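Chain identifiers are assigned alphabetically (A, B, ...) following the order of the sequence lines, protein sequences preceding nucleic acid strands; residue numbering begins at 1 within each chain. From a predicted model like this one, the values you see are computed outputs, not experimental measurements.
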Amino acid sequence: MTQTNAARVRFAPSPTGLTHLGSGRTALYNYLLAHQSGGKFILRIEDTDQKRFNLDAEKDLTSSLRWLGLQWDEGPEVGGLHEPYYQSKRMAIYRQHAEQLVENGKAFYCFCTQQELDAVRKAQQEAKQPPHYSGKCRDLPLAEAKQRVADGETHVIRFKAPKDGSITVHDELRGDITVQNHTIDDRVLLKSDGHALYHLAAMVDDHLMGITHVLRGEEWLPSLPLHVHIYEAFGWPQPKWVHLSVFLKPSGKGKMSKRETEEMKLTGQSIFIQDLADMGYLPEGVLNWIALMGWSYDDKTEFFTLADLIEKFDIAKLNPSPAAIDFKKLDHFNGLHIRALPADELARRLLPFFEKAGLQADPALLARITPLIQERITTLDDAPEIAGFFFRPSVEVPADKLLIKDTSAAESAAALAKALGILEALPELTATAAEAPMRAAADELGIKAGALFTQLRNATTGQEVSPPLFESMELIGRETVLARLRAGLDVLGKLN
RNA sequence: GCCCCCAUCGUCUAGGGGACUAGGACGUGGCCCUUUCAAGGCUAAAACCGGGGUUCGAAUCCCCGUGGGGGCACCA
């Protein structure tokens, strides 16, 4: 798609909890649209509900976005022409706009108490009616209402939604949607504490900040008609509306609940960006994965970098149906991106995971080891397990792991001794120098090379599964390898 | 209860009237490669929710069912 106009888009989360995959994808698509059109990606904090606001959540949000590589052009920490970017600091703007609507007959002061509203709602529910505002204050004379406000009576400002006819709104993915106006409630725009609600604050800010495309979650689709009415009440031109499908839990049965989110962590999976980072996933892998949940480029291309996505992303190729989260696919994409990384860059990212595992990994050695494990790990966190033996002074090997299959203990010991002798005689322990004589030794011993290598692998790495044996030996170093083989011989000797 | 959205292999999807014997990917099975484990290559099984239309022709358009999802707060 060719963008003739630079898009101004925003990601406007409410920092009430940890940043999850759904938010990540919404942020990503917004970012892509901005970058491919030479526009701006704006971050706005929707913190009008002080009861739910959470400072830790905001820190998690900014660090998650940055980890993903989705830096915003305007917003907290970076500023911009439309400051402040915190809705809690824009109260006066919302009040002014709400009052403007009241003056124009598009909104009204409402003095109903919480108790009244609760009672009405309860009655409606019992009567199997959809909950909606009773309309009690809707047609109060403006002068009278203003007087009560001036007298200090507690009040809110509600939108005066049209009651007749219908409205047709347009979503870029779903086309025209028509709803009857009477199904649209007189929603509160400004609370009695003076804070605006989403329906007012987001519309006002989107307009004031020059937002051209609103990409947001599908949960907003039911209130789109209300939002369009609000835009029209102000006489503002609408942005393009794009409602992204929701993510479903892996079973495909509904959204993830809070409890299920916790349970998921027990299985080593998480929908939170920060957790994924801690678990050793690459931002490249996560991005590629979520980009393809609800969007596709063609019928075969699946590997995308952020740069690729900026180039290829297209709203027209978004899919409106909900997508189930598939962590197997994340592993796949992460593996792809791990293998696509230059080895030295991968080594750099691996370092903290060795430290976390309590291993002092020498960066230079790690850089040489990395090519050996690059295609054997799916997350960064896999590396210490498969390559930890490089950084431990010695390895612990039980005797039975040193026994060659279908061979006696004495013969196994003889084989190990022979191998040790060969390596000791080698002027230099390199992979190329060691392999051929070892194969010859296996032949002479009358055992399969693979069987001998398994024994040596256990003795030198302490693992049954490891990177290629001789390359590993070379990197471990001659003296250490010889010491481990001698230790193995000792263990075997004690068997008799 | 009411409103809205969605509907292709188990999952993510391609497909927008004839190019469909429905393509790709993950996962799964098999084979190859191989010093283990991976990675890689090849390969197999696996889907158009149902019923009506429209049309010479429908996975593609329309309607009705059904199923799934979302929403109905002084939350976002």
Side-chain angles (χ1 to χ4, degrees), chain A residues 12-16 46-49 51-52 87 110 112-114 117-118 121 124-132 154-158 171 173-174 177-180 183-185 187-199 201-202 216-225 243 245-246 248 250-255 289 292-303 317 319-333 335 339 373-378 382 386 435 438-439 442 448-454 456-458 461 463-470:
Chain A
S14 179
T16 54
E46 311 237 330
D47 57 350
T48 53
D49 187 2
K51 289 192 295 290
R52 302 203 312 155
Q87 292 192 326
C110 172
C112 295
T113 64
Q114 196 61 59
L117 296 175
D118 289 345
R121 187 170 3 241
Q124 287 167 341
Q125 273 163 354
E126 278 165 7
K128 305 265 186 204
Q129 295 290 316
H132 61 279
T154 299
H155 65 281
V156 301
I157 293 179
R158 284 182 184 273
D171 174 78
L173 307 189
R174 291 158 251 262
I177 299 167
T178 301
V179 301
Q180 297 302 309
T183 65
I184 303 170
D185 204 6
R187 301 298 297 262
V188 172
L189 300 178
L190 204 70
K191 296 194 271 187
S192 54
D193 68 2
H195 279 283
L197 251 29
Y198 178 90
H199 301 118
R216 73 220 300 198
E218 190 182 4
E219 63 272 22
W220 291 112
L221 195 55
S223 42
L224 178 57
H243 293 86
S245 64
V246 293
L248 270 22
S251 66
K253 303 280 181 209
K255 286 208 292 190
W289 179 48
L292 256 17
M293 294 175 70
W295 174 82
S296 63
Y297 175 62
D298 60 15
D299 61 343
K300 29 186 73 73
T301 316
E302 301 236 299
F303 182 90
K317 299 277 285 179
N319 189 326
S321 52
I325 296 168
D326 181 1
F327 287 98
K328 283 277 178 37
K329 204 131 189 175
L330 170 59
D331 284 344
H332 170 250
F333 281 118
R339 277 167 254 134
I373 62 173
Q374 188 154 18
E375 60 189 32
R376 275 167 248 269
I377 55 176
T378 62
D382 291 340
I386 189 175
E435 181 166 350
M438 283 303 177
R439 286 187 185 278
K448 285 206 164 73
L452 177 62
F453 294 175
T454 297
L456 296 177
R457 182 187 313 284
N458 273 296
T461 70
Q463 300 171 186
E464 286 178 283
V465 172
S466 82
L469 178 59
F470 299 109

Check every strand shown and say whether [X] touches a base, only sugar-phosphate, or nothing at a heavy-atom separation below 4.0 Å.
X	result
A/Trp220	base
A/Arg52	base
A/Pro467	base
A/Lys191	base
A/Val179	sugar-phosphate
A/Ala449	nothing
A/Lys51	sugar-phosphate
A/Thr16	nothing
A/Gly294	sugar-phosphate
A/Pro225	nothing
A/Ser296	sugar-phosphate
A/Gln124	nothing
A/Glu46	sugar-phosphate

Atom-to-atom span, [atom1] of [X] to [atom2] of [N] - whole angstrom:
X	N	atom1	atom2	result
A/Arg174	B/rA7	CZ	C1'	13 Å
A/Gln87	B/rC75	CD	C1'	12 Å
A/Arg187	B/rC3	CZ	P	17 Å
A/Leu469	B/rA38	CG	P	17 Å
A/Gln129	B/rG1	CD	C1'	8 Å
A/Leu456	B/rU35	CG	C1'	10 Å
A/Phe303	B/rG24	CZ	P	21 Å
A/Leu224	B/rG70	CG	C1'	14 Å

Rounded distance in Å between the [atom1] positions of [N] and [M]:
N	M	atom1	value
B/rA59	B/rG53	P	15 Å
B/rC62	B/rG41	C1'	47 Å
B/rU13	B/rC9	C1'	11 Å
B/rU8	B/rG69	P	14 Å
B/rG40	B/rA45	P	23 Å
B/rC3	B/rA73	P	16 Å
B/rA46	B/rU35	C1'	36 Å
B/rG23	B/rA14	C1'	6 Å

| query | Which comes earlier along RNA chain B counting from the 5' end, the contact point of A/Thr301 or that of A/Leu197, where each point is its nearest nucleotide? | reply |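 It is A/Thr301 whose nearest nucleotide is closer to the 5' end.
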| Position toward the 5' end of RNA chain B (nearest nucleotide), A/Glu375 or A/Thr183 |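 Mapping each residue to its closest nucleotide by heavy atoms, the 5'-most match is A/Thr183.
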| With the threshold set at 4.0 Å, does a side-chain nitrogen-carboxylate oxygen contact exist between A/Lys328 and A/Asp326? |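 Looking at A/Lys328 and A/Asp326, the cut-off is not met.
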| Is the closest basic N to carboxylate O distance between A/Arg174 and A/Glu218 below 4.0 Å? |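 Counted as a salt bridge, because a side-chain N and a carboxylate O are separated by less than 4.0 Å.
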Base-pairing assignment for [N] (Watson-Crick or G-U wobble, both under 3.5 Å):
N	result
B/rU36	none
B/rG1	B/rC72
B/rA22	none
B/rC42	B/rG30
B/rA7	B/rU66

Selected nucleotide, minimal atom distance to [X] side chain, candidates [options]:
X	options	answer
A/Lys329	B/rG23, B/rU35, B/rA25	B/rA25
A/Asn319	B/rU13, B/rA25, B/rC74	B/rU13
A/Lys300	B/rC26, B/rG24, B/rC74	B/rG24
A/Arg121	B/rA73, B/rC37, B/rU35	B/rA73
A/Ile177	B/rG1, B/rC75, B/rC4	B/rC4
A/Ser14	B/rC74, B/rA76, B/rA39	B/rA76
A/Arg457	B/rU36, B/rA14, B/rG71	B/rU36
A/Glu219	B/rG24, B/rG71, B/rC5	B/rG71
A/Lys328	B/rU35, B/rG27, B/rG69	B/rG27
A/Arg376	B/rC75, B/rG69, B/rC37	B/rC37

Please confirm whether the backbone N or O of [Y] pairs with a side-chain atom of [X], one donor and one acceptor, at under 3.5 Å?
X	Y	answer
A/Glu46	A/Gln87	no
A/Asp49	A/Lys51	yes
A/Thr301	A/Asp298	no
A/Thr378	A/Gly335	no
A/Ser14	A/Thr16	no

| request: Please say whether more than 12 non-hydrogen atoms of neighbouring residues, nucleotides or ligands are located less than 6.0 Å from OH in A/Tyr297. | output: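 12 or below, so no.
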| field | Residues, nucleotides or ligands: over 12 heavy atoms within 6.0 Å of A/Lys191 NZ | value |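 Yes, the 6.0 Å shell around NZ holds more than 12 heavy atoms from other groups.
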| message | In terms of relative ring orientation, are A/Trp220 and A/Tyr198 parallel, tilted or perpendicular, with 30° and 60° separating the classes? | response |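 Rings of A/Trp220 and A/Tyr198: parallel, under 30°.
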OP1 or OP2 of [N] sitting under 4.0 Å from any side-chain N/O of [X]?
X	N	value
A/Ser466	B/rC37	no
A/Lys317	B/rG15	yes
A/Arg339	B/rG40	yes

